[in-house]
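Notes follow once the structure below has been shown.
All of these numbers come straight from a predicted model, not from anything done at the bench. Residues take their numbers from the sequence shown, with the count starting at 1. Just so you know, ligand 1 is whichever comes first in the structure, and atom 1 is the first atom listed for that ligand.
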Amino acid sequence: MLVKNLLATRLGKSELRNPTILNSGYLGVNSDALIRAAKMGAGAVTSKSCGQKPRKGHPNPTVLQFGDVIMNAVGLSNPGADEEVPEILRAVQGAGVPVIASIFAESAEGYVEVAGKISKARPAFIELNMSCPNVQLEMGIPFACDSRSAAQIVEMVKDTVKTPIIAKLSPNVPDIASIAKSVEEAGADAINAINTVGPGMVIDVEAKKPVLANKVGGISGPAVRPIAVRCVWEISRAVEIPVIGTGGILTGRDAVEMFMAGASAVGIGSALHYRGNESFKLICSEIEEFMKKNGYSKLGELRLEE
Ligand SMILES: Cc1cc2nc3c(=O)[nH]c(=O)nc-3n(C[C@H](O)[C@H](O)[C@H](O)COP(=O)(O)O)c2cc1C
């Protein structure tokens, strides 16, 4: 008898064996790490955001964690698009699950250039990171905080490459649904919400200086989950395209909450810090257990009625 996979889901034309997706910036700085995440059970994997040129990122310390909060100001360190292409290609050939290549740039033309190069590696999606808050001291307010800029980038990238596009949005806006609508109208194939919240700041009062060398950093971890759930809920009611729900998901119950808010898949990052490399498998078995116990036969049934 054929056993039905309760966890199968779709993101546009890509079928996922399960709805857990490795977040950009976690593990995935090279092809080996992406392949390892797939072996650890991820349904899809996202690479660290890559830009036009090699970038060192911010000086250390770049990450801190206390309680339910993770703060980072990694500063988009990456080897640049030319070096990233063979890494993505190796991941596409070796991961056995869809590979999402994350990119960023400082202008719409920059996104077009990086997308053009990265598309040659044939990732399942290119994710446009337009929402990193820890580089705004140097790059200005993220493009995803402005409907017109976000839509323009999506439109120009869509005009250049055939690869399906995910727009990764920022929670740091008064009306995320209107930005989601704009990127959908501009041709985005999916949305990922959310990138980190803030930026925030933590001061070491004994040393009388900020803990992060960059002084401010984006906030993630379980503390931001209610913001992520609200964003996903607002976006899902505004658009038809699939939404990846990201932000502080540690357990199957957290993932179920995201599916109820309207997500088709969930981004997993913080969980790797709090629960380790088994996170994907644990979260999947917990979702499955919840569904069986409560009589759900597919993920779509979890969505709130309104
Ligand atoms: C150390 C670190 C590095 C990150 N790097 C990126 C990145 O390069 N690109 C990106 O789009 N998001 C990046 N993020 C944001 C995550 O992908 C995710 O959107 C956010 O952390 C919320 O999910 P989480 O609580 O599960 O980590 C980073 C987050 C952390 C903690």
Side-chain angles (χ1 to χ4, degrees), residues 20-30 33-34 37 42 44-51 55-58 60-80 84 100-105 111 114 118 125-136 139 142-144 150 165-172 176 190-200 212 214 217-229 231-232 243-251 254-255 257-258 263 265-275 279-280 283:
T20 62
I21 302 179
L22 172 72
N23 284 348
S24 179
Y26 269 90
L27 301 182
V29 290
N30 60 33
L34 294 173
V45 293
T46 315
S47 59
K48 169 89 188 149
S49 300
C50 148
R55 212 183 122 87
K56 261 188 160 159
H58 297 312
N60 281 324
T62 54
V63 183
L64 66 93
Q65 186 258 324
F66 56 95
D68 282 351
V69 169
I70 295 178
M71 255 175 83
N72 94 86
V74 171
L76 297 172
S77 52
N78 78 97
E84 185 71 358
I100 301 169
S102 172
I103 68 166
F104 75 95
Y111 278 94
V114 181
I118 294 291
F125 290 91
I126 292 176
E127 181 167 278
L128 306 177
N129 174 8
M130 307 187 281
S131 43
C132 177
N134 73 54
V135 287
Q136 70 189 44
M139 292 189 195
F143 296 114
I165 297 300
I166 300 171
K168 187 164 180 186
L169 299 189
S170 167
N172 311 317
I176 199 167
I191 286 171
N192 187 351
I194 56 174
N195 208 318
T196 48
V197 176
L212 293 172
N214 185 53
I219 302 173
S220 56
V224 309
R225 205 178 65 248
I227 297 175
V229 170
C231 287
V232 167
V243 181
I244 303 167
T246 301
I249 295 171
L250 301 194
T251 67
D254 299 342
E257 199 184 354
M258 274 296 186
V266 286
I268 303 297
S270 290
L272 295 162
H273 176 79
Y274 290 90
R275 301 184 80 188
S279 294
F280 298 104
I283 291 169

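- Below 4.0 Å from some heavy atom of Asn129 lie the following atoms of ligand 1, by number and element: 9 (N), 10 (C), 11 (O).
- A donor-acceptor pair under 3.5 Å links the side-chain atoms of Ser131 to the main chain of Lys168, judged by distance alone.
- Set against the non-hydrogen atoms of Ser49, the atoms of ligand 1 under 4.0 Å away are 7 (C), 8 (O), 9 (N), 10 (C), 11 (O).
- At under 3.5 Å, not a single nitrogen or oxygen of Thr196, backbone or side chain, sits near a nitrogen or oxygen of ligand 1.
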Q: Take Leu128 and Ile103 through the side-chain contact (heavy atoms from CB on, under 4.5 Å) test and state the conclusion after the steps.
A: CA-CA 5 Å; Leu128 306 177; Ile103 68 166; 3.7 Å; yes
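- Protein heavy atom in closest approach to atom 4 (C) of ligand 1: Gly25 CA, 3.7 Å.
- Contact atoms of ligand 1 toward Gly221: 25 (O) (distance under 4.0 Å to a heavy atom of the residue).
- Any N or O atom pair closer than 3.5 Å counts here, and Glu127 shares no such pair with ligand 1.
- Side-chain atoms of Ser102 and Ser49 include a donor-acceptor pair closer than 3.5 Å.
- Scanning all protein heavy atoms for the shortest distance to atom 24 (P) of ligand 1 gives Ser270 OG, 3.2 Å.
- The protein non-hydrogen atom at the shortest distance from atom 5 (N) of ligand 1 is Lys48 NZ, 3.1 Å.
- Closest approach of Val266 to Met258, counting heavy atoms only: CG1-CB, 3.7 Å.
- Counting only distance, with no hydrogens or angles, the side chain of Arg55 and the backbone of Gly75 share a donor-acceptor pair below 3.5 Å.
- Close approach to Tyr26 involves these atoms of ligand 1, each under 4.0 Å from a residue heavy atom: 27 (O), 30 (C), 31 (C).
- In terms of polar-atom proximity, Leu76 is not counted as a contact of ligand 1, lacking any N or O under 3.5 Å from an N or O of the ligand.
- Checked by atom type and distance alone, the side chain of Thr246 never pairs as donor or acceptor with a backbone atom of Ile194 at under 3.5 Å.
- Within ligand 1, the atoms closer than 4.0 Å to a non-hydrogen atom of Gly269 are 26 (O), numbered from 1 in the order shown.
- Asn172 places a side-chain N or O within 3.5 Å of a backbone atom of Gly198 that can act as its donor or acceptor partner.
- A pairwise comparison of heavy atoms in Phe104 and Asn129 identifies CB-O, 3.6 Å as the closest pair.
- At a heavy-atom cutoff of 4.0 Å, ligand 1 is contacted by both the backbone and the side chain of Asn195.
- Looking from atom 21 (O) of ligand 1 to the surrounding protein, the closest heavy atom is Ser220 CB, 3.2 Å.
- Among protein heavy atoms, the minimum distance from atom 23 (O) of ligand 1 is reached at Asn23 ND2, 3.3 Å.
- Per-residue contacts place Gly247 under 4.0 angstrom from the following atoms of ligand 1 (heavy atoms of the residue considered): 22 (C), 23 (O), 25 (O).
- Atom 29 (C) of ligand 1 has its closest protein heavy atom at Asn72 ND2, 3.5 Å.
- Residue contacts with ligand 1: Gly267 is placed with no nitrogen or oxygen under 3.5 Å of a nitrogen or oxygen of the ligand (distance criterion only).
- In terms of modelled atom types and a separation under 3.5 Å, the side chain of Ser270 and the main chain of Gly221 share a donor-acceptor contact.
- At a 4.0 Å cut-off, not a single heavy atom of Phe104 sits close enough to ligand 1 to count as contact.
- In this model, no donor atom of one side chain and acceptor atom of the other lie less than 3.5 Å apart for Glu84 and Asn78.
- Rounded to the nearest 0.5 Å, atoms CD (Glu127) and SG (Cys50) are 13.0 Å apart.
- Here the protein heavy atom with the shortest distance to atom 12 (N) of ligand 1 is Lys168 NZ, 3.1 Å.
- Atoms of ligand 1 lying under 4.0 Å from at least one heavy atom of Thr246, given by number and element, are 18 (C), 19 (O), 22 (C), 23 (O).
- Only backbone heavy atoms of Ile194 (N, CA, C or O) come within less than 4.0 Å of ligand 1; its side chain stays farther off.
- Between the side chain of Thr20 and the main chain of Ala42, no donor-acceptor pair closer than 3.5 Å is present.
- Remark: the backbone N or O of Leu169 is not paired with any side-chain donor or acceptor of Asn195 at under 3.5 angstrom.
- In this structure, of Cys50, Ser102, Ser24, the residue bringing a heavy atom nearest to atom 17 (O) of ligand 1 is Ser24.
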